[in-house]
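Computed over heavy atoms, backbone and side chain alike; hydrogens, waters and symmetry mates excluded. All residue numbers refer to positions in the sequence shown, counting from 1.
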Amino acid sequence: VYRRSALVIALSPGIADGVTAAGADPAKVRLVPNASDLELFSPELDRAAERDRLGLDDGFIVSYFGTLGEANDLSQVVEAAPLVDGVTFVLLGDGKHRSQLEELARRRGAENVIFRDPRPDKTSVARLAAASDACLTIFKDVPVLATASPNKLFDTFAAGRPAIVNTPGWMRRLVEENEAGLFVRPGDPRDLAEKVAWLRDHPAEVERYGRNARRLAEREFDRDALAARALSLLQEAAR
């Protein structure tokens, strides 16, 4: 299919490399990543009001929103939570590993981990991002997962919150080169705890990372601009 296609749209540089390795002509592979919704996710949302709405306290809040499944090894987060004081970890989502994660939190005494049920609309995600000081994009330490183009990362950028990622490659480069967050070693709870503690103790840097994240979303991942790019490629292929 790749070899016979007029064009192939890849969601990340790693996916583009994989498509090319599978036999596609590199000249026919174009990058259109997942996008940031700059209206729904916004740093202008009232953080205090959203914390009140969600019943969260005034401490440092780190959130995750998405699937609690095999690919998202959130045991790293649960294991890290008891190692850092003054931080609440909010995990919004469901999946086949949620019950295991809840049991792990009980065993580890991770009282600062809160599990929240997902809702059908994405408004609850935007509100949680607004209430957070930083947001997590966490994957299992499997090389192919480093090629992903996860919506939660671009939602974090749009919300103007520092992104904490644990995959090398494109996602790490995005947050480090744009100073929009921090990279933590995959599968290393202590490194995650130390990086979160550093963010907790450096509020000025948290604000700076958040501003840079929003600028990155506006500059490179605007949903309207990327939709226009995809449409243009479809028209090119049709011609």
Within 45° of the six-membered ring axis of Phe183 and under 6.0 Å from that ring's centre, is NZ or CZ of Arg172 located there?
->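 Yes.
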
Rounded to the nearest 0.5 Å, how far apart are [atom1] of [X] and [atom2] of [Y]?
X      : Y      : atom1 : atom2 : answer
Leu101 : Glu79  : CG    : CD    : 10.0 Å
Thr147 : Leu11  : OG1   : CG    : 9.5 Å
Leu199 : Ile164 : CG    : CD1   : 5.5 Å
Leu231 : Leu226 : CG    : CG    : 12.5 Å
Leu74  : Phe89  : CG    : CZ    : 11.5 Å
Glu179 : Leu174 : CD    : CG    : 13.5 Å

Non-hydrogen side-chain atoms of [X] and [Y] separated by less than 4.5 Å:
X      : Y      : value
Ser149 : Trp170 : yes
Arg229 : Pro33  : yes
Val175 : Leu182 : no

Would you call [X] and [Y] a salt bridge, using N to O less than 4.0 angstrom?
X      : Y      : result
Asp133 : Arg47  : yes
Lys122 : Asp155 : yes
Arg215 : Glu218 : no
Asp117 : Arg98  : yes

Give me the ring orientation class for Trp198 and Tyr209: parallel if the planes are under 30° apart, tilted from 30 to 60°, perpendicular past 60°.
->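 If you compare the ring of Trp198 with that of Tyr209, the planes turn out tilted.
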
Does a sphere of radius 6.0 Å around CZ in Arg116 hold more than 12 heavy atoms from other residues, nucleotides or ligands, not counting ones at 6.0 Å or beyond?
->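 Atom CZ in Arg116 is packed in, count exceeds 12.
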
When you check the side-chain N and O atoms of Arg219 and Asn178, is any donor under 3.5 Å from an acceptor?
->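 Checked: Arg219/Asn178 side chains pair up, N/O donor to acceptor below 3.5 Å.
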
Which residues pass the side-chain contact (heavy atoms from CB on, under 4.5 Å) test with Arg107, sequence neighbours left out?
->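 Arg107 satisfies side-chain contact (heavy atoms from CB on, under 4.5 Å) with Glu103, Leu104 once adjacent residues are dropped.
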
Output, in order, the C-alpha distance, side-chain angles, deciding distance and verdict of salt bridge (Lys or Arg N to Asp or Glu O under 4.0 Å) for Glu236 and Arg30.
-> CA-CA 12 Å; Glu236 179 183 340; Arg30 309 297 171 81; 3.3 Å; yes

Just do the salt bridge (Lys or Arg N to Asp or Glu O under 4.0 Å) check on Arg190 and Glu194 with the steps written out, would you?
-> CA-CA 6 Å; Arg190 187 164 297 279; Glu194 290 173 357; 5.1 Å; no

If you look only at distance, which donor and acceptor atoms sit under 3.5 Å apart when one is on a side chain in residues 61-71 and the other is two or more places apart or in another chain?
| from | atom 1 | to | atom 2 | distance (Å) |
| --- | --- | --- | --- | --- |
| Ser63 | OG | Ser132 | OG | 2.8 |
| Tyr64 | OH | Thr67 | O | 2.7 |
| Tyr64 | OH | Asn72 | ND2 | 3.4 |
| Glu70 | OE1 | His97 | NE2 | 3.1 |
| Glu70 | OE2 | Lys140 | NZ | 2.5 |

